[in-house]
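By convention here, the first residue in the shown sequence is residue 1.
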Amino acid sequence: MKRSRIGLWMLLTVVLATGVGVVIAMSRRRSIARTDDIPTAEVKRGEMKIEVHATGELNASDTVMVAAPTVGGDALQITHLAQTGERVKKGDIVVEFDPSEQNYKLEQNRSELMQADEEIIKAQADAEVLAAEDKVALLKARYNVRRAELDVEKNELVSKIDGQKNDLALVQARRVLAELEKDIESHRASGRAGIFLAQEKHNKAKLAMDQAQQNLEHMCVTAPMDGLVSIQKNVNASGGFFFTGMTLPDYRPGDQVQAGSAIVQILNPAGMNLVSKVPEEQHDNVRDGQAVKIGFHAIPGTVFDGTVKTVGGMTTGLFFNPDASHTFDVTIQLQANEPRLRPGLTAEIVYQGTQQRSVLCIPRQALFMKDGKRIVYVRKGSSYQQREIKIQSESESRAAINGLEEGSEVALLDPTVPHKQSGAGASIGGAEGAP
């Protein structure tokens, strides 16, 4: 019995040891399989052309804004409006407004002017009549004074009482003459004032009529230069409020606009530049004077040539998405004036870089960022070794590097991340990644 028990225990021990060995072997095989499943790329020596791909939008550098005339009063109503993209010459009408209110004001001011002219004529006639009446009264008063003086000269021949009456009559006649002369002077000043007030009313009515005439002429707004029409957004369409992401309609006939509102923008097609945003890591691959190939989405099949005009020195990012990659602005000048081009067109841009020969290259998918350093994972047998490298230049898909040997294998996925996660999200996809 003891021997059988000992044999049974020995058999169980052997079976258990065999099972543990099988499990260890399987785990090792799985580990090796996971290592072998990581895609790799070989470090190769060869030629690499630096090209940077980006998108851009065509903008006009020479523009003039056309606004609604400042005529005062109520809002103006658009009756005619040019179309976006329409070519106009200097002096062509681009927007017209309803002239009804200005016509009414013009007729009203013309009526006031005619009334002021009539008042001037009346004031002048009244002054002339009053002057004639004063002239007759003055002659009569002077005659009375002279007759009273003659009566006084006869005082020696008449009684004392009659003499006193003659003296009193002379004093009274002189007093009436003096008062009349003062009244005549007052009448003259009053007549001049009446005429002056009527003339001022005439001048005011004339100025208002001229202003109404000028406002009426401004109801037709013309293009200040040759160019393309770009209709602006109607900021009053939302009732005076606006929030980010809100879509506003363009101005159109029938809309009410306030005086001074920007309605139309005239763009000079001869002075258009292409504005592009290039990723921050490509800054060293774009420079002033660099050749550019351009393909506009609205003109398929045609490739345009251009040169880099300016390269922005500062990068910008999205305010609402700080984790997004930063970009810098590049301005491109087109080498040909194409009549089919319009401001606002979008384009695919290829910046033509230099041709580098005999450089070590790896896919950009093999580049990772760790602790602020650019690294790769070099395969060593069944494991991977982290290596910091120096990048000479980069294209959209490859990078020229120093610090590796030709023929080395580098991982395209981060081997330090579990295999299920690395297959799902650790791939760089042509850009840098982080473990």
Side-chain angles (χ1 to χ4, degrees), residues 47-63 267 269 271-336 338 341-357 359 361-369 372-376 389-402 427-434:
E47 297 181 355
M48 187 177 75
K49 185 176 181 180
I50 304 299
E51 290 185 347
V52 179
H53 295 258
T55 59
E57 181 177 349
L58 198 60
N59 293 332
S61 58
D62 185 11
T63 64
L267 312 171
M272 291 190 295
N273 291 323
L274 191 62
V275 179
S276 170
K277 291 188 177 294
V278 178
E280 179 181 13
E281 59 269 16
Q282 298 291 346
H283 189 278
D284 292 339
N285 296 329
V286 179
R287 62 190 182 279
D288 293 346
Q290 185 174 354
V292 177
K293 296 293 183 181
I294 306 164
F296 290 95
H297 297 140
I299 312 176
T302 304
V303 178
F304 296 87
D305 293 324
T307 55
V308 176
K309 188 177 180 180
T310 59
V311 179
M314 296 182 60
T315 60
T316 58
L318 296 177
F319 177 78
F320 296 101
N321 188 9
D323 296 332
S325 60
H326 286 210
T327 60
F328 62 95
D329 293 333
V330 178
T331 302
I332 301 170
Q333 184 175 8
L334 299 176
Q335 295 182 359
E338 171 60 50
L341 297 180
R342 297 286 189 275
L345 295 183
T346 57
E348 296 290 339
I349 304 169
V350 180
Y351 295 87
Q352 304 293 311
T354 57
Q355 187 80 16
Q356 296 185 350
R357 303 180 183 277
V359 292
C361 301
I362 60 173
R364 290 190 67 233
Q365 189 177 351
L367 297 175
F368 297 88
M369 182 71 73
K373 299 178 181 179
R374 306 289 287 275
I375 64 168
V376 296
I389 61 171
K390 182 179 180 181
I391 299 177
Q392 295 179 340
S393 58
E394 295 180 70
S395 66
E396 292 291 322
S397 59
R398 295 192 299 167
I401 51 91
N402 283 331
S427 175
I428 305 176
E432 294 178 4

*So do T55 and T346 actually touch side chain to side chain, heavy atoms under 4.5 Å?*
no
*Looking only at heavy atoms, which two atoms of I391 and A399 are closest? And how far apart?*
CG2-CB, 4.4 Å
*Interatomic distance, R398 atom CZ to R364 atom CZ [nearest 0.5 angstrom]*: 12.5 Å
*Look up atom CD1 in I294 and atom CG in L345, then write down how far apart they are to the nearest 0.5 Å.*
12.0 Å
*asked:* Taking the side chain as everything from C-beta on, heavy atoms only, tell me whether F296 gets closer than 4.5 Å to T302.
replied: no
*Sole candidate of T331, I332, L334, L58 that passes side-chain contact (heavy atoms from CB on, under 4.5 Å) when paired with N273*: T331
*State the OG1-CG distance between T327 and D329, to the nearest 0.5 angstrom.*
6.5 Å
*With side chains defined as the heavy atoms from C-beta onward, is the minimum distance between I349 and H53 less than 4.5 Å?*
no
*asked:* Would you say that L274 contacts F304 through its side chain, given a criterion of any heavy-atom pair below 4.5 Å between the two side chains?
replied: no
_With heavy-atom distances below 4.5 Å as the criterion, would you say the side chains of L367 and I362 are in contact?_
yes
_Residues in side chain to side chain contact (heavy atoms under 4.5 Å, CB included) contact with A54, at least two apart in sequence or another chain_ = S276, V278, Y351
*Is there a donor-acceptor pair under 3.5 Å between the side chain of E348 and the backbone N or O of H297?*
no
_Under the criterion salt bridge (charged side-chain N to carboxylate O under 4.0 Å, His left out), I'd like the reasoning laid out for K309 against D288: C-alpha separation, chi angles, the key distance, then a yes or no._
CA-CA 6 Å; K309 188 177 180 180; D288 293 346; over 6 Å; no
